[in-house]
Amino acid sequence: MTHTRLVAASALLAGALLAATGCKKEEAPPPPATTAAPVQVAAPTVKIESAKLALFKPLPAAFESPPDNPSTPEKVELGRQLYWDARLSKNHDVSCNSCHMLDKYGVDNKPVSEGHRKQTGTRNSPTVYNAANHFVQFWDGRAANLEEQAKGPVLNPVEHGLKDEAALLAVINSIPEYVEAFGKAFPEDKPAVTFDNFAKAVAAFERTLITPAPWDAFLKGDKNALTEDQKKGFLAFMDAGCQTCHSGEHLGATMFQRLGSVKPWPDPPEGKEPDLGRYDVTKQDSDKMMFKVPGLRNVAKTAPYYHDGSVEDLGAAVQLMAEHQLGKTLSDENVRLIVAFLESLTGEPTAEQMREPQLPPSTDKTPKPDPT
Ligand code: HEC
Ligand code: HEC
């Protein structure tokens with residue numbers, strides 16, 4: 001299949017070249033002697049021993065739900081609505097999708113996100129795609145799972161900015177269609193509209209956000225799923241030692257590590273407090289500068305990089321990793337190849353995953369926006 005695609009692509013390219021040269025007949029080089037001969041496609045030359053692949057795993061067909069939050073279509077659809085509903089914010093202008101845009105690979109592409117009244121936080125928003133199986137959530141791991149995570153942003157003063165749980169439940173309870181939908185999603189709970197169930201519905205929706213990539217096809221045995229450069233890039237990634245931290249199903253998201261483990265990470269600019277990462281949660285000195293090793297799925301689409309969004313270019317981010325985490329300098333060619341490999345981790349979201357749902361209408365009782 002890949003071969004035919006390559007042949008078709010080369011034929012197209014040849015056609016385009018001919019067309020382009022056709023405009024300027026004088027300077028044009030002579031056309032290729034024959035265009036009818038079949039184009040020879042080189043067999044894959046880069047060999048990867050299976051032992052090297054043992055540290056990695058393809059994404060599962062679907063993310064498993066925890067026993068206390070089984071997935072149902074009703075719950076997922078409710079979660080989708082809650083995810084997109086800006087009324088669940090103080091000024092009715094911020095939803096999860098504001099910072100984790102589902103049609104932008106689950107990020108906002110800003111160094112740090114803007115929330116309520118355009119206030120900025122201090123950290124870069126990670127993608128929600130494939131977050132389900134991460135060992136913890138947030139850069140500092142302060143939430144154990146998606147259910148716990150979803151409770152954070154709605155009450156965060158610089159994100160959704162709601163005062164408390166009661167303020168969230170008041171909005172939901174003012175919208176009869178929501179009350180009904182919670183009843184259907186959580187038939188055993190009386191009342192069904194609770195903060196826990198809000199988080200469970202959002203988490204059930206997020207578990208549908210899985211994006212298998214060419215890398216997964218490759219791991220499952222399709223040797224043509226990666227380009228030759230991507231295969232070389234994988235070998236360069238391994239030779240550099242990136243897999244000591246970035247391995248498994250997500251090429252990361254299995255451990256905390258110190259940022260600057262070999263060479264200290266530079267201090268932030270004057271007047272800016274350093275982000276100490278995991279230390280904020282545990283107050284243990286040994287946790288200073290420890291961050292969750294991020295998963296690398298879709299990383300080519302989720303610039304800018306690092307917890308503070310300080311690096312825009314993926315190649316630059318790769319070189320900084322080699323320098324600060326491994327004490328190495330990569331050649332430009334190896335940076336290019338590693339970036340090519342990282343591109344094989346891009347899995348395009350489906351139309352269903354990106355679908356904006358119809359939201360139930362407000363009523364007279366729905367609290368009004370509060371821009372203060
Ligand atoms: C104002 C922007 C903003 C809004 C709104 C927002 N988030 Fe986030 N989100 C962030 C930032 C920034 C982080 C990283 C914060 C940190 O690690 O301390 C984050 C982290 C996360 C993570 C952790 C991912 C990982 O890899 O660790 C998930 C999941 C997530 N948000 C989901 C949600 C959901 C669900 C909502 C809506 C209920 C939401 N976010 C609303 C900005 C936002
Ligand atoms: C010692 C552990 C370790 C090693 C080795 C390591 N990394 Fe990282 N990597 C991390 C940590 C921790 C972060 C998060 C840094 C932060 O706090 O912003 C990270 C972040 C990244 C990011 C940014 C991801 C994002 O979404 O912002 C990329 C890209 C990356 N690493 C690629 C690599 C590559 C390529 C290599 C090999 C050259 C490598 N890493 C080696 C621990 C490591």
Side-chain angles (χ1 to χ4, degrees), residues 79 82-86 88-89 94-100 106-108 110 112-116 118-132 134 136-143 145-146 149-154 156 158-161 198-199 202-203 205-206 209 233 236-246 250-253 255-262 265 275 277 280-281 289-300 302-311 314-326 328 330 334-335 338-339 341-342:
L82 297 169
Y83 186 96
W84 280 85
D85 200 333
L88 308 180
S89 70
V94 175
S95 73
C96 309
N97 196 63
S98 310
C99 302
H100 304 284
V107 298
D108 57 9
K110 295 184 182 138
V112 293
S113 306
E114 280 173 6
H116 175 59
K118 304 229 175 292
Q119 298 175 89
T120 51
T122 55
R123 288 182 180 158
N124 178 255
S125 58
T127 178
V128 286
Y129 283 103
N130 310 302
H134 290 187
V136 289
Q137 301 293 323
F138 289 121
W139 286 102
D140 55 19
R142 67 186 181 280
N145 53 37
L146 290 179
Q149 194 287 326
K151 292 180 171 180
V154 277
N156 184 322
V158 303
E159 293 189 346
H160 295 234
F198 160 81
V202 171
F205 167 62
E206 288 175 293
L209 303 177
F237 182 91
M238 297 291 286
D239 282 348
C242 309
Q243 78 285 6
T244 50
C245 298
H246 296 280
H250 298 280
L251 299 97
M255 61 175 97
F256 296 110
Q257 280 288 337
R258 176 160 293 104
L259 178 59
S261 54
V262 173
W265 195 250
D275 186 337
D280 288 350
V281 182
M289 291 308 282
M290 293 291 266
F291 288 90
K292 170 181 165 184
V293 176
L296 296 180
R297 288 189 171 274
N298 294 316
V299 74
T302 61
Y305 301 107
Y306 298 132
H307 67 273
D308 56 0
S310 58
V311 178
L314 184 53
V318 167
Q319 189 63 277
L320 282 166
M321 275 287 121
E323 181 184 342
H324 291 276
Q325 306 304 94
L326 295 159
K328 291 180 180 167
L330 297 172
N334 277 341
V335 169
I338 291 177
V339 168
F341 165 59
L342 295 177

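Counting starts at 1 for both ligands and their atoms, following the listed order. In this text, all values refer to a predicted model and were calculated from it rather than measured experimentally.
Summary of contacts: the protein heavy atom closest to atom 33 (C) of ligand 2 is Met321 CG, 3.3 Å. Here the protein heavy atom with the shortest distance to atom 27 (O) of ligand 2 is Tyr306 N, 2.7 Å. For atom 38 (C) of ligand 1, the closest non-hydrogen atom of the protein is Cys96 SG, 2.6 Å. For atom 15 (C) of ligand 1, the closest heavy atom belonging to the protein is Phe138 CD2, 3.6 Å. Glu159 OE2, 3.5 Å is the protein heavy atom nearest to atom 42 (C) of ligand 1. The nearest heavy-atom contact from the protein to atom 17 (O) of ligand 1 is Trp139 N, 2.7 Å. Considering only non-hydrogen protein atoms, atom 23 (C) of ligand 1 sits nearest to Gln137 OE1, 3.4 Å. For atom 29 (C) of ligand 2, the closest heavy atom belonging to the protein is Leu314 CD1, 3.8 Å. Ranking protein heavy atoms by distance to atom 37 (C) of ligand 2, first place goes to Cys242 SG, 1.8 Å. Closest protein heavy atom to atom 31 (N) of ligand 1: His100 NE2, 2.8 Å.
Close contacts of ligand 2 with Gln325, meaning ligand atoms under 4.0 Å from a residue heavy atom, involve 1 (C), 2 (C), 3 (C), 4 (C), 5 (C), 6 (C), 7 (N), 42 (C), 43 (C). Numbered from 1 in the order shown, with element, the atoms of ligand 1 that lie under 4.0 Å from a heavy atom of Leu146 read 29 (C). Those atoms of ligand 1 that come under 4.0 Å of a heavy atom in Glu114, given as number and element, are 1 (C). Proximity to His134 (heavy-atom distance under 4.0 Å) selects the following atoms of ligand 1: 26 (O). Counting atoms of ligand 1 from 1 in the listed order, those under 4.0 Å from a heavy atom of Cys99 are 1 (C), 2 (C), 3 (C), 4 (C), 5 (C), 42 (C), 43 (C). Of all the atoms in ligand 2, the ones that sit under 4.0 Å from a non-hydrogen atom of Leu326 are 5 (C), 37 (C), 38 (C). The atoms of ligand 2 that sit less than 4.0 Å from any heavy atom of Thr244 are 5 (C). Counting the atoms of ligand 1 from 1 in the order shown, those under 4.0 Å from a heavy atom of Val94 are 5 (C). Numbered from 1 in the order shown, with element, the atoms of ligand 1 that lie under 4.0 Å from a heavy atom of Glu206 read 29 (C), 32 (C), 35 (C). The ligand atoms of ligand 1 that sit less than 4.0 angstrom from a heavy atom of Asn124 are 12 (C), 14 (C). When each atom of ligand 1 is checked for a heavy atom of Val202 under 4.0 Å away, the hits are 35 (C). Distances below 4.0 Å separate heavy atoms of Leu259 from the following atoms of ligand 2: 15 (C), 16 (C), 17 (O). Less than 4.0 angstrom separates some heavy atom of Tyr305 from each of these atoms of ligand 2: 25 (C), 27 (O).
A donor-acceptor pair is defined here as one N or O able to donate and one able to accept, closer than 3.5 Å; such a pair exists between the side chain of Lys328 and the backbone of Ala240. Under a 3.5 Å cut-off, the side chain of Ser89 and the backbone N or O of Val94 do form a donor-acceptor pair. Between the side chain of Tyr129 and the main chain of Val107, no donor-acceptor pair closer than 3.5 Å is present. Although no hydrogens or angles enter the test, the distance criterion places a donor-acceptor pair under 3.5 Å between the side chain of Lys292 and the main chain of Val136. In terms of modelled atom types and a separation under 3.5 Å, the side chain of Gln325 and the main chain of Cys242 share no donor-acceptor contact.
Of all the heavy atoms of Lys292, the ones lying under 4.0 Å from any atom of ligand 1 belong exclusively to the side chain. By the criterion of a heavy-atom distance under 4.0 Å, the side chain of Pro153, and not its backbone, is placed next to ligand 1. At a heavy-atom distance under 4.0 Å, no atom of Leu342 approaches ligand 2. Residue-level proximity to ligand 2 for His246 is carried by the side chain, the only part with a heavy atom below 4.0 angstrom. When non-hydrogen atoms are compared, ligand 2 lies under 4.0 Å from the side chain of Ser261 (C-beta onward) but not from its backbone. Only side-chain heavy atoms of Gln149 come within less than 4.0 Å of ligand 1; its backbone N, CA, C and O stay farther off. Contacts between Leu296 and ligand 2 below 4.0 angstrom, taking non-hydrogen atoms only, involve the side chain exclusively.
Ring-plane geometry between Phe237 and His246 is classed as tilted, the angle between the planes lying from 30 to 60 degrees on a 0 to 90 degree scale.
A side-chain donor from one of Ser310 and Asp308 sits under 3.5 Å from a side-chain acceptor of the other. No side-chain donor-acceptor contact under 3.5 Å links Thr127 and Asn298. Between the side chains of Ser125 and Asp108, at least one donor-acceptor pair of N or O atoms lies under 3.5 Å.
Not a single heavy atom of His116 sits closer than 4.0 Å to an atom of ligand 1. The closest approach between Ser95 and ligand 1 falls below 4.0 Å for a heavy atom of the residue. Residue-ligand proximity: His307 is placed with every non-hydrogen atom at 4.0 Å or more from ligand 1. Using a 4.0 Å heavy-atom cutoff, Leu88 is absent from the residues neighbouring ligand 1.
Counting heavy atoms from C-beta outward, Leu342 and Leu314 have side chains that approach closer than 4.5 Å. Taking 4.5 Å as the limit, every side-chain heavy atom of Val154 sits out of range of all side-chain heavy atoms of Glu159. The shortest side-chain heavy-atom distance between Tyr305 and Val299 falls under the 4.5 Å cut-off. Annotation: side chain of Trp265 is not in contact with side chain of Phe291 (no heavy-atom distance under 4.5 Å). Tyr306 has its side chain out of reach of Asn124: every pair of non-hydrogen atoms, C-beta onward, lies at least 4.5 Å apart. For the pair Asp275/His307, a side-chain contact is recorded, criterion being any heavy-atom separation below 4.5 Å from C-beta on. Annotation: side chain of Trp139 is in contact with side chain of Pro294 (closest heavy-atom distance under 4.5 Å).
On a distance-only criterion, His160 and ligand 1 share no N/O pair closer than 3.5 Å. Considering both main-chain and side-chain atoms, Asp308 never comes within under 3.5 Å of ligand 2 through any nitrogen or oxygen pair. Geometrically, ligand 1 and Arg123 share a nitrogen or oxygen pair separated by less than 3.5 Å. Not one N or O of Ser125 is nearer than 3.5 Å to an N or O of ligand 1, by distance alone. Every N/O-N/O distance between Gln257 and ligand 2 stays at or above 3.5 Å.
For atom 24 (C) of ligand 2, the choice among Pro294, Cys245, Gly241 with the nearest heavy atom turns out to be Pro294. Distances from atom 20 (C) of ligand 1 to the heavy atoms of Pro126, Ala253, Gly295, Ala150 put Pro126 nearest.
Ion pairing between a basic and an acidic side chain is recognised when a charged N comes within 4.0 Å of a carboxylate O; Asp280 and Arg142 show no such pairing.
Phe341 pairs with exactly one of Leu251, Val318, Leu296 by the side-chain contact (heavy atoms from CB on, under 4.5 Å) rule, that one being Leu251.
Contact between Phe198 and Ala150 at its shortest, heavy atoms only, is CE2-O, 3.6 Å.
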- Task: Would you check, one step at a time, whether the test ring-ring contact (aromatic ring centres under 6.0 Å, His included) holds for His250 with His134?
- Result: CA-CA 8 Å; His250 298 280; His134 290 187; 4.8 Å; yes

